[in-house]
Every structure is written in C-alpha cells, then in structure tokens.
Amino acid sequence: MKFGTKAIHAGVQPDPATGAIMTPIYQTSTYVQDGVGNHKGYEYSRTQNPTRHALEKNIAAIENGKYGACFGSGLAAIDCVIKMLNPGDEVISTNDLYGGSYRIFKTIFEKYGIVFHFVDMQNTTEVERLTNEKTKIIWVETPTNPMMNIIDIAAMSLIAKKVGALLCVDNTFATPYLQTPLDLGADIVMHSVTKYLGGHSDVVMGALVTSDEKIANEMYRIQNSSGAVTGPMDSFLVLRGIKTLHLRMQRHCENGEKIARFLKTSAKIDKVYWPGFESHPNHLVAKEQMRGFGGMISFTLLGNNLDEALEIVKKVKLFALAESLGGVESLIGHPATMTHASIPKDVREKSGVVDSLIRLSVGVEDAEDLIEDLQQALA
Ligand SMILES: *Cc1c(COP(=O)(O)O)cnc(C)c1O
C-alpha cells in the first residue's frame, strides 16, 4: 500500500458498535468485564485505549514498522527508550541535538549512571571511535535541529550493528513521508508527534515505532509501567491530522524550496541552511535517504548581530514568533534564546547555533505571501 492510502486507512476501521467512519474518542478510563478476566481486549486506559490503539497502528504503518506506541510528549517517548538501558550503558548522540533531548539525557539520565557522548555525527569515523562494548544506543536526529545537518542513517546502522547497539532515529523533522529510518536499518523511530504528524499545533504527543518484537515488548512494558501515555482526545486529533500528512508535506517542501532560494538572494543574509542546496555538505546523503527536503530552514545574518536577529523575528507579521514547528502555519524562532537556551553558549556555538541564527518552520500558506513578509522584515 502506498503512503497516502496508509495515512488515511491504516489502523482505522468503522466503529464496530455504530459504523461511525471516524474512530470515536473513547473517553473512558476502564472497561466492564463480563466475568473476571473476560474482557474485549481493553482493561484500563493506561495500558490500552481503542482511540490510542488505532493511532498507534496508523503511525507504525506509515513508518513501515510493526509496533507503535504513543506517549504524552516527544520527550516521554525518549524517556521510554532510555529507560530500556541499565547504569553503565553508553549512548552516542549528535552534538546539535534538540535542546530538550540534550536536557533529558544530561540532567535526568546521567545521574542514573547512563553515559552520553555527543559528537558531530556527519563524521562517521568519530562516531565509530566512541563505540565500545558498553555502547547500547546510537541516537540520531536527521535533519538536525536547527543546523539542518544530515546524518547518514544507513552508515550509523552499520556502526550500531558492529557493536550490538540499537539505532534510534528521531524522525520528527523529516516525517515518514520524506524518510523511513526502519528501511535504512534503524531499530526504533521516535517522533515528536506535536510537530508534523499532528500538524495543526494543537496537541503535544510523542511516538515510538519498531519492527522488533523484543524491543516492542520492552516499549509497551515501560509505556504501561511509567504511564506517560497520551489521551483519547489527542489521539483522535492526531489521527485526523495524519490523514493529510502527505498533502501537507508536499506543500511544506514546495514552500521550503521557494523560501530557501529567496533567502539565498538576500543581501542581509550570510548562510542559509537547507539540505536541498547542492552546496549543502551532505546534500548527496539527503538525496539518497530522503524523498524531499522539507520546510525547515535556518539562516544567519551578515555580521552575526544578536539585536538585528531579534529585530527581524519581531518584525515578521505572517510568521509567528514561537517555539515548535511542523504546523500548517509558518513559525519563526531564535534558537540561541529559545529552543536551545538550555545548552551552554560555548557548546551551542561550536555546533553553529550562533547569536544571529534564525529558524523558520515554513507552513502551507502561499509562498508569495511568506516571501513578502520576510522581505519587509529584512528591509
Ligand atoms: C519538539 C521535539 C522533540 C520533543 O518533543 P515534545 O513533543 O516537545 O516533547 C524532540 N525532538 C525534536 C527533533 C523536536 O523537534
């Protein structure tokens, strides 16, 4: 089955009780049993809920995986993966990781004895050098946030397999429409569903997908034991959002390309980070592992002036100044003071998050209007 068909139909069937074509919001905590242990597959909604279950099957299908699990946020999904580890285990990750992922690794899990290494993952030799028998997870984010670096998923998979580690890919930026990491050798795919999968800036949610039964059992055990589940109302909204994921992503990609090319011509701008440019250092890897380049773009200003960057993010009218990304409306952000403020200045600057860096989440409006807005803000 092709992507658009799966997005609309996978995991979803008319409600057996009424024939309702849309999966009902099963707003219930518990389920009545005919006799002890005699139930219809649902006992308690932390463990399982029909609306959430439909969504979990849908997300697993669009990621070309077998098992899906949804959580109260992207970070709760990450929390589940790291809880599969034991004290002394090691994780290797990218040095320009999403700020919240860096924070949960460093400030929550490090004190339980899990060791995290951060490295420029575009350099596969460096990643390989950090591996040892204690390496249990290689954690990849690609494209990275906000530098739009591209990491070679298949190459990371080979390194992970050599040391018996799991490869986990945060696929939030690309979405399964543009990239399916399980097909490239990943063991677990993670999403901040909050972003493109939900797509309408109205839900906070996370998800994990795997095709490995052993990993899936662990995933469901931790999901139920830690209890960071998502609710039926949010599951319904995301089921609805995913039905247009392919249509939205097509427009995000088209608009992204137009705006990236416009920014390149602006006299105020120094660098434009977008993996669709042939000049992008890993453009070829992006072309190989992605089916499009998405709507996330970052750029810096000539002179790298902080006040000038803050002025621009204030002057835009259509682009809303906000954290988050992936919704139908365009957003603008200033990573150094917003999403990446929790990363020490020297650490973030080493990976390119300088004071004038501005990040765009290009929405699905008309590109001409978005370009006009940026033009007036840059003038
Ligand atoms: C937003 C985001 C997260 C965290 O997800 P939440 O839903 O906000 O908890 C993780 N990774 C990436 C790449 C993100 O953009």
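As the structure lists them, so they are numbered: ligands from 1, and atoms in each ligand from 1. Computed from a predicted structure; not experimentally measured. Heavy atoms only: backbone and side chains are in, while hydrogens, waters and symmetry mates are out.
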Self-check item: T172 contact mode with ligand 1 (heavy-atom cut-off under 4.0 Å)
Solution: side chain

Quiz item: ligand 1 versus K195, non-hydrogen atoms closer than 4.0 Å: side chain, backbone, both, neither?
Solution: side chain

Identity and distance of the protein heavy atom lying nearest [atom]:
{"atom": "atom 4 (C) of ligand 1", "result": "Y98 CE2, 3.4 Å"}
{"atom": "atom 12 (C) of ligand 1", "result": "D170 OD2, 3.4 Å"}
{"atom": "atom 5 (O) of ligand 1", "result": "S192 OG, 3.0 Å"}

Quiz item: Which word best sums up how the rings of Y42 and Y31 line up, parallel for under 30°, tilted for 30 to 60°, or perpendicular for over 60°?
Solution: tilted

Quiz prompt | Qualifying salt bridge (Lys or Arg N to Asp or Glu O under 4.0 Å) pairs, either residue in residues 169-187, two or more places apart | solution = none

Could you tell me, atom by atom, which parts of ligand 1 come under 4.0 Å of a heavy atom of [X]?
{"X": "L75", "result": "5 (O), 6 (P), 9 (O)"}
{"X": "M205", "result": "7 (O)"}
{"X": "L325", "result": "15 (O)"}

Exercise. Would you verify whether the NZ or CZ of K264 falls within 45 degrees of the ring axis of F277 while also being under 6.0 Å from that six-membered ring's centre?
Key: yes

Practice problem: Taking the side chain as every heavy atom from C-beta outward, state whether I215 and I188 have any atom pair closer than 4.5 Å. | Solution: yes

Self-check item: Side chains of F319 and V313 in contact at under 4.5 Å (non-hydrogen atoms)
Solution: no

Exercise. Assess V193 for proximity to ligand 1: is some non-hydrogen atom of it under 4.0 Å away?
Key: no

Practice problem: Indicate whether the side chain of S226 and that of K83 have a donor and an acceptor atom separated by less than 3.5 Å. | Solution: yes

Quiz item: Between S351 and D96, is any side-chain donor less than 3.5 angstrom from a side-chain acceptor?
Solution: no

Close N or O approach ([X], ligand 1; < 3.5 Å):
{"X": "G74", "answer": "yes"}
{"X": "T194", "answer": "yes"}
{"X": "F173", "answer": "no"}

Self-check item: Under-4.0 Å salt bridge between E128 and K162
Solution: yes

